[in-house]
Amino acid sequence: MHSEFELIARYLAPAPAPAAAGVSLGVGDDCALLAPTAGERLAVSVDTSVAGVHFPADAPPGAVGHRALAVSLSDLAAMGARGRWCLMSLTLPAADEAWVAAFAEGFHALCAACGVSLAGGDVTRGELAVGVTVMGEVPPAEALTRAGARPGDWLAVTGALGGGAGGLQRWQAGERDLDHPLIRRYLRPLPRLAAGLALRGLAGAAIDISDGLLADLGHLREASGVGAELWPARLPLAEGLVAALGEIGARRAALGGGDDYELLLSLPPEHLDEARARLATLELPLTVIGRVTAALGVTGVEAAGVSGWQHFPGDTP
């Protein structure tokens, strides 16, 4: 059985980061020493993924590593921040070397794909859970927030919706084909970091869709003090979703399912063509699904029985 230090040294400590990564001192000391870019603001977010709550306990370990990092990086994408560093704490019921090796492979592969350096972390014993803190940088005047939506803006989403919820349902039904489009969308979501960068200077407000379109639209509306009109018939649905859930089930998954990690943004009409052109270079569609209104609340959609993810639903009226 390996100690926590052996597991960290063997699987969770990457090769020394180049100076360009801004890591003056990384894994192996009491703290990491990081060198932020002069003049930029540090964007920081933390997420905890718990087995049986945020991912299936029997999910492949490589997918667990990828997913735990992806959901945190998605928050940086929503701010228009460039990913720089992350910290990761891993809680394990046992020191399973093969599991940790596969987990680390998934985690490090996404780090490399997104240009993010693992700068430190911790391993301990307990129920399976992964905590990830991500850090990125954004120029002070270019950060995207939830508070910039204005009446008359379009509401638009990147990519397609409902795949996360559809993938979870397929997994719970016994589907184990990791190449199934819905399973892939659920277990290995792609953080839209490049899209967030491309939308700087264009989007009025932005948020990532983690709790479901309606729930996250509610967060954006509240922060901006606005209402919304949605056009459900225009929702872009994930590949295979209608076949798996039917038309009504697919729309419900897109509205309230969560785990999509696409970006929802408000966009002044004069910026729509430019936003689409920038995202086209990333081969990522941008779909207008409604508009921002002055009247509070949401119109155009029957929301009864459709709600987003909440950890403690009894605490919310």
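One-based numbering along the sequence shown.
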Determine, step by step, whether D177 and I183 satisfy the side-chain contact (heavy atoms from CB on, under 4.5 Å) criterion, reporting the C-alpha distance in whole Å, the side-chain angles of both residues, the deciding distance to 0.1 Å, and the verdict.
-> CA-CA 7 Å; D177 178 5; I183 296 291; 5.8 Å; no

Search all heavy atoms of G148 against all heavy atoms of A205 and return the closest pair with its distance.
-> N-CB, 3.5 Å

Would you verify whether the NZ or CZ of R185 falls within 45 degrees of the ring axis of Y261 while also being under 6.0 Å from that six-membered ring's centre?
-> no

To the nearest 0.5 angstrom, please state how far the CZ atom of R84 sits from the CD atom of E40.
-> 8.5 Å

Rounded to the nearest 0.5 angstrom, the CG-CG distance for L69 and L110 is 4.5 Å

Count the heavy atoms of every other residue, nucleotide or ligand shown that sit under 6.0 Å from CD of E175, and state whether that count exceeds 12.
-> yes

Check step by step if side-chain contact (heavy atoms from CB on, under 4.5 Å) holds for L118 and H108.
-> CA-CA 8 Å; L118 177 62; H108 288 314; 3.7 Å; yes

Joint cluster assignment, L237 & L182, ILVMFWY side-chain distance < 4.5 Å = yes

4.5 Å side-chain heavy-atom contact, R82 and T37 | yes

Check side chain to side chain contact (heavy atoms under 4.5 Å, CB included) between H271 and all other residues, then give those that pass, not counting sequence neighbours.
-> L202, L267, P268

In terms of hydrophobic clusters joined by side-chain contacts under 4.5 Å, are L161 and I207 together?
-> yes

Pairwise distance CG(L213) to CG(L220) - rounded to 0.5 angstrom | 10.5 Å

Okay, side chain of D260, backbone of G162: is any donor-acceptor separation there less than 3.5 Å?
-> yes

For side-chain contact (heavy atoms from CB on, under 4.5 Å), just list the numbers for V130 and M88, CA-CA rounded to whole Å, side-chain angles, deciding distance to a tenth of an Å, and then say yes or no.
-> CA-CA 7 Å; V130 190; M88 187 262 290; 4.0 Å; yes

Please tell me if the side chains of D75 and D47 come closer than 4.5 Å, counting only heavy atoms from C-beta onward.
-> yes

Is it possible for you to say whether V157 and L199 belong to one hydrophobic cluster, with membership spreading through side-chain heavy-atom contacts below 4.5 Å?
-> no

Look only at the side chain of R278 and the backbone of R200, and say whether a donor-acceptor pair between them is shorter than 3.5 Å.
-> yes

Tell me, do F103 and D96 make a side-chain contact under 4.5 Å, heavy atoms counted?
-> no

Single-linkage hydrophobic cluster, 4.5 Å side-chain cutoff, V288 and L264 together = no

Hydrophobic cluster identity match, L284 and L265, side-chain contacts under 4.5 Å | yes

For L178, does its backbone N or O pair with a side-chain atom of R188 as donor and acceptor, under 3.5 Å?
-> no

What one should report as the nearest heavy-atom pair of A149 and S224 is N-OG, 3.1 Å

Do the non-hydrogen side-chain atoms of V226 and D153 ever get within less than 4.5 Å of each other?
-> no

Quick one: does R251's side chain get under 4.5 Å of L235's, heavy atoms only?
-> yes

If you look at every heavy atom in E229 and L155, which pair is closest and at what distance?
-> O-CD1, 4.4 Å

Are the side chain of T293 and the backbone N or O of A295 linked by a donor-acceptor pair below 3.5 Å?
-> yes

Under the ring-ring contact (aromatic ring centres under 6.0 Å, His included) test, which residues partner W171, sequence neighbours left out?
-> none

Just by modelled atom types, is the P189 backbone N or O under 3.5 Å from a matching donor or acceptor in the H66 side chain?
-> yes

Any donor-acceptor N/O pair, R291 side chain to W154 backbone, under 3.5 Å | no

Side-chain contact, heavy-atom cut-off 4.5 Å: P93 with W99?
-> no

CG on L214 to CG on D211, rounded to 0.5 Å = 11.5 Å

Scanning both residues in full, the closest heavy-atom pair of P236 with I289 reads CD-CG2, 4.0 Å

Got P191 and L76 here, is their nearest side-chain heavy-atom distance under 4.5 Å?
-> no

Rounded to the nearest 0.5 Å, how far does CG of L168 lie from CG of L187?
-> 9.0 Å

Sequence neighbours left out, what passes salt bridge (charged side-chain N to carboxylate O under 4.0 Å, His left out) with R170? Give chain and number order.
-> none

How far does CD of Q169 sit from OH of Y186, to the nearest 0.5 angstrom?
-> 11.0 Å

Give a yes or no on whether E127 atom CD has more than 12 heavy-atom contacts from other residues, nucleotides or ligands under 6.0 Å away.
-> no

Test item: T133 side-chain N/O and L87 main-chain N/O as donor-acceptor pair under 3.5 Å = no

Heavy-atom closest contact (L245 atom, A250 atom, distance) | CB-N, 3.9 Å

Side chain proximity check, D216 to E262, heavy atoms < 4.5 angstrom | no

Would a distance-only check, ignoring hydrogens and angles, find a side-chain to backbone donor-acceptor pair under 3.5 Å from R184 to D179?
-> yes

So which heavy atom on L263 is nearest to which on G196, and how close?
-> CD1-N, 3.9 Å

Check: S72 main-chain N/O paired with S45 side-chain donor or acceptor under 3.5 Å | no

Taking it one step at a time, do D58 and R176 satisfy side-chain contact (heavy atoms from CB on, under 4.5 Å)?
-> CA-CA 10 Å; D58 60 343; R176 292 297 182 270; 3.0 Å; yes

